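Reminder, nothing fancy here: chain letters follow the sequence lines and each chain counts from 1. All values reported here derive from a predicted model rather than from experimental measurement.
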2 protein chains.
Amino acid sequence: MNQQLQPTTKIEYRKPRSACEKCSVRSLAICAALDDDEVAELERIMTSRSLGPEEMLVSEGDPLNRVFSLTSGMLRLSVALPDGRRQITGFLLPGDYLGLADEDTHSSTAEAIGPVELCSFSAREIAMLIERFPKLKDRLHRFTRAALRQARDNQMILGRLAPVEKLASFLLGLSARAEEHKLPGNPLLLAMSRTDIADYLGLTIETVSRSFTKLRNNGLIRLPDPHLVELVNKSGLQAIAGQGAY
Amino acid sequence: MNQQLQPTTKIEYRKPRSACEKCSVRSLAICAALDDDEVAELERIMTSRSLGPEEMLVSEGDPLNRVFSLTSGMLRLSVALPDGRRQITGFLLPGDYLGLADEDTHSSTAEAIGPVELCSFSAREIAMLIERFPKLKDRLHRFTRAALRQARDNQMILGRLAPVEKLASFLLGLSARAEEHKLPGNPLLLAMSRTDIADYLGLTIETVSRSFTKLRNNGLIRLPDPHLVELVNKSGLQAIAGQGAY
DNA sequence: CGTCACATTGATAATGATCAAGTTGAGTGG
DNA sequence: CCACTCAACTTGATCATTATCAATGTGACG
């Protein structure tokens with residue numbers, strides 16, 4: 001009965017041939033388009049990289065030499081005006097890809113929020129691999145379409161929602177996305193600062209803070225500490241965010 | 001010397017085999033990916049369609065049965081909240097494609113601004129053609145990436161610019177895009193209403209109107225009539241829009 | 001010429017930004 | 001272990017900006 005006594009030719013506890021096979025975002029990231037044999041090809045051109053908190057990965061306007069797939073932690077994408085005003089255009093979660101929008105230069109700055117692990121690829125080499133594996137190309141384009149839909153949702157949030165509505169929408173969106181990425185979505189951990197949230201929602205930190213307080217006072221969320229939000233009343237939040245109740 | 005006397009077997013004034021070949025956006029639209037023989041395939045599955053002013057083409061949430069390529073006129077893309085607030089996420093010009101972001105439903109409402117001519121395709125049929133012609137797929141994805149970059153620029157505009165800055169940015173952007181699409185970019189014809197501009201920039205019509213007045217009083221634009229703008233001082237506009245002078 | 005929609009302009013009000021304290025908690029050194 | 005410091009967040013008071021409300025223009029069309 002003991003399986004370990006069976007012939008060794010039979011694969012029982014197959015050892016992963018690669019780090020990719022046991023990667024926590026194997027089923028989420030672009031590599032999910034490839035089977036284990038094919039992913040070995042991807043791994044040959046991949047290098048791992050770590051970033052410390054607040055470390056910059058790429059800067060707006062940099063030539064598109066490398067692209068990245070996030071495996072752990074969170075990145076913020078932002079663009080800045082000459083006078084220092086900043087707009088955060090998105091937060092990347094594990095499994096997300098950096099470089100979707102770009103043609104030959106990076107269109108946003110990418111910085112780590114907390115410690116980050118990622119896979120790094122030469123843009124040239126991955127372009128070649130994309131041509132070899134149409135499934136990979138299709139997956140990247142699916143990612144790009146999703147990013148476009150998200151960016152358009154953000155336009156509504158930025159242009160037409162009041163501060164509390166913006167915040168409710170942000171919390172619901174991040175929670176949903178966290179769950180899609182196999183991270184806890186309800187007590188929701190906010191890795192980013194109030195300043196980041198403000199620059200994402202087009203507000204000041206004070207207004208963000210006051211909006212948190214309003215949501216808490218209305219019993220919609222709990223805030224055990226500033227970086228942990230419990231979404232107590234999701235449908236109430238959705239109503240405020242302008243999603244539900246059509 | 002008279003060319004008309006030459007043998008008729010020789011092609012001189014080659015008659016276009018298709019309407020596509022003489023189309024004014026032949027070199028701009030998705031069909032630019034295909035040569036004249038290949039575009040005939042596209043034409044076989046294409047139907048023409050006209051829209052009158054303010055006519056709705058698709059509504060948010062509609063199943064993605066058909067996709068479109070704009071040949072003449074302008075479309076606005078918008079999303080709406082239950083209470084009627086509206087955000088315009090983009091304006092489509094001749095050569096632009098409708099359906100880039102969408103997976104199985106339309107994510108925005110599309111309406112004609114003035115008279116519109118477009119090519120209409122079954123989403124299923126064009127998907128098949130896209131698989132047959134990789135060049136076509138690549139072009140669509142290039143379009144999608146460009147739309148993503150534009151949507152992210154819009155996030156900065158909506159989140160961080162003051163009203164005059166928004167308007168300056170809008171005018172410069174539309175002018176540049178008009179020129180890319182072989183339309184006059186400097187006296188610039190604004191097909192859309194002040195309401196549309198307001199819903200694009202996240203403002204009210206009054207604020208849009210006052211911002212026009214400010215730009216005019218500063219000598220940056222002339223406004224022979226409300227729908228015709230002359231960009232008198234482009235670099236001045238760029239400075240206001242937060243683009244130039246880094 | 002009258003009507004109507006759209007745009008502009010003006011007056012007022014509300015919202016969110018700015019300015020200014022406090023509060024909290026993590027990290028440091030006495 | 002307990003002040004001290006510092007950064008991040010919250011809260012409060014005031015101010016500026018933009019939305020709202022209200023006329024007033026203006027041009028297209030009947």
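Sorted by first and then second residue, the side-chain hydrogen bond (donor to acceptor under 3.5 Å, both in side chains) pairs with a member in residues 212-228 of chain A read A/R222-A/E230; sequence neighbours excluded. Evaluation of the salt bridge (Lys or Arg N to Asp or Glu O under 4.0 Å) test over residues 168-180 of chain B, restricted to residues two or more places apart or in two chains, returns B/D96-B/R177. Under the salt bridge (Lys or Arg N to Asp or Glu O under 4.0 Å) criterion, the residue pairs touching residues 163-175 of chain B are A/R85-B/E165, with sequence neighbours excluded.
At whole-Å resolution of the value, CG in A/L203 and C1' in D/dT10 are 16 Å apart. Here the P atom of nucleotide D/dA8 and the CD atom of A/E54 are 9 Å apart, to the nearest Å. The CD1 atom of A/I205 sits 16 Å away from the P atom of D/dG12 (whole-angstrom rounding). Distance, B/L223 CG to C/dA7 P: 12 Å, rounded to whole Å.
Partners of B/F91 according to the ring pair (Phe, Tyr, Trp, His ring centres under 6.0 Å) rule, which considers only residues two or more places apart in sequence or in another chain, are B/Y200. Residues that satisfy the side chain to side chain contact (heavy atoms under 4.5 Å, CB included) test with B/S120, not counting sequence neighbours, are B/T47, B/R66, B/F68. Listed by chain and number, the residues in a side chain to side chain contact (heavy atoms under 4.5 Å, CB included) with B/T105 amount to none (sequence neighbours excluded). A search for side chain to side chain contact (heavy atoms under 4.5 Å, CB included) contacts involving B/A147 returns A/L148, A/R152, B/L100, not counting sequence neighbours.
Looking at A/L171 and A/F212, their side chains come closer than 4.5 Å, going by heavy atoms from C-beta outward. Using a 4.5 Å heavy-atom cutoff, the side chains of B/L201 and B/P163 are not in contact. Looking at heavy atoms from C-beta onward, B/S59 lies out of side-chain contact with B/H106 at the 4.5 angstrom threshold. For the pair B/V229/B/L215, no side-chain contact is recorded, criterion being any heavy-atom separation below 4.5 Å from C-beta on.
In this structure, B/H227 reaches the C/dA7 phosphate: one of its side-chain N or O atoms is under 4.0 Å from OP1 or OP2.
Within residues 154-164 of chain A, the residues approaching DNA chain C are A/A162, A/P163, by heavy-atom distance under 4.0 Å. For residues 206-218 of chain A, proximity to DNA chain D is found at A/E206, A/S209, A/R210, A/T213, A/R216, defined as any non-hydrogen atom under 4.0 angstrom from a strand atom.
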Under 3.5 Å, which protein N or O atoms sit close to an N or O of nucleotides 22-27 of chain C? Give each pair with its distance.
none

Do any N or O atoms of the protein come closer than 3.5 Å to N or O atoms of nucleotides 24-30 of chain D, and which pairs are they?
none

Would you mind writing out the side-chain donor-acceptor pairs for residues 187-197 of chain B within the sub-3.5 Å range, not counting sequence neighbours?
from: B/S193; atom 1: OG; to: B/T195; atom 2: N; distance (Å): 3.3
from: B/S193; atom 1: OG; to: B/D196; atom 2: N; distance (Å): 3.1
from: B/R194; atom 1: NH1; to: B/P226; atom 2: O; distance (Å): 2.8
from: B/R194; atom 1: NH2; to: B/P226; atom 2: O; distance (Å): 2.8
from: B/D196; atom 1: OD1; to: B/R76; atom 2: NH1; distance (Å): 3.3
from: B/D196; atom 1: OD1; to: B/R86; atom 2: NH2; distance (Å): 2.8
from: B/D196; atom 1: OD2; to: B/R76; atom 2: NH1; distance (Å): 2.9

* Step by step, work out the side-chain hydrogen bond (donor to acceptor under 3.5 Å, both in side chains) result for B/E60 and B/S108. => CA-CA 4 Å; B/E60 222 182 319; B/S108 336; over 6 Å; no
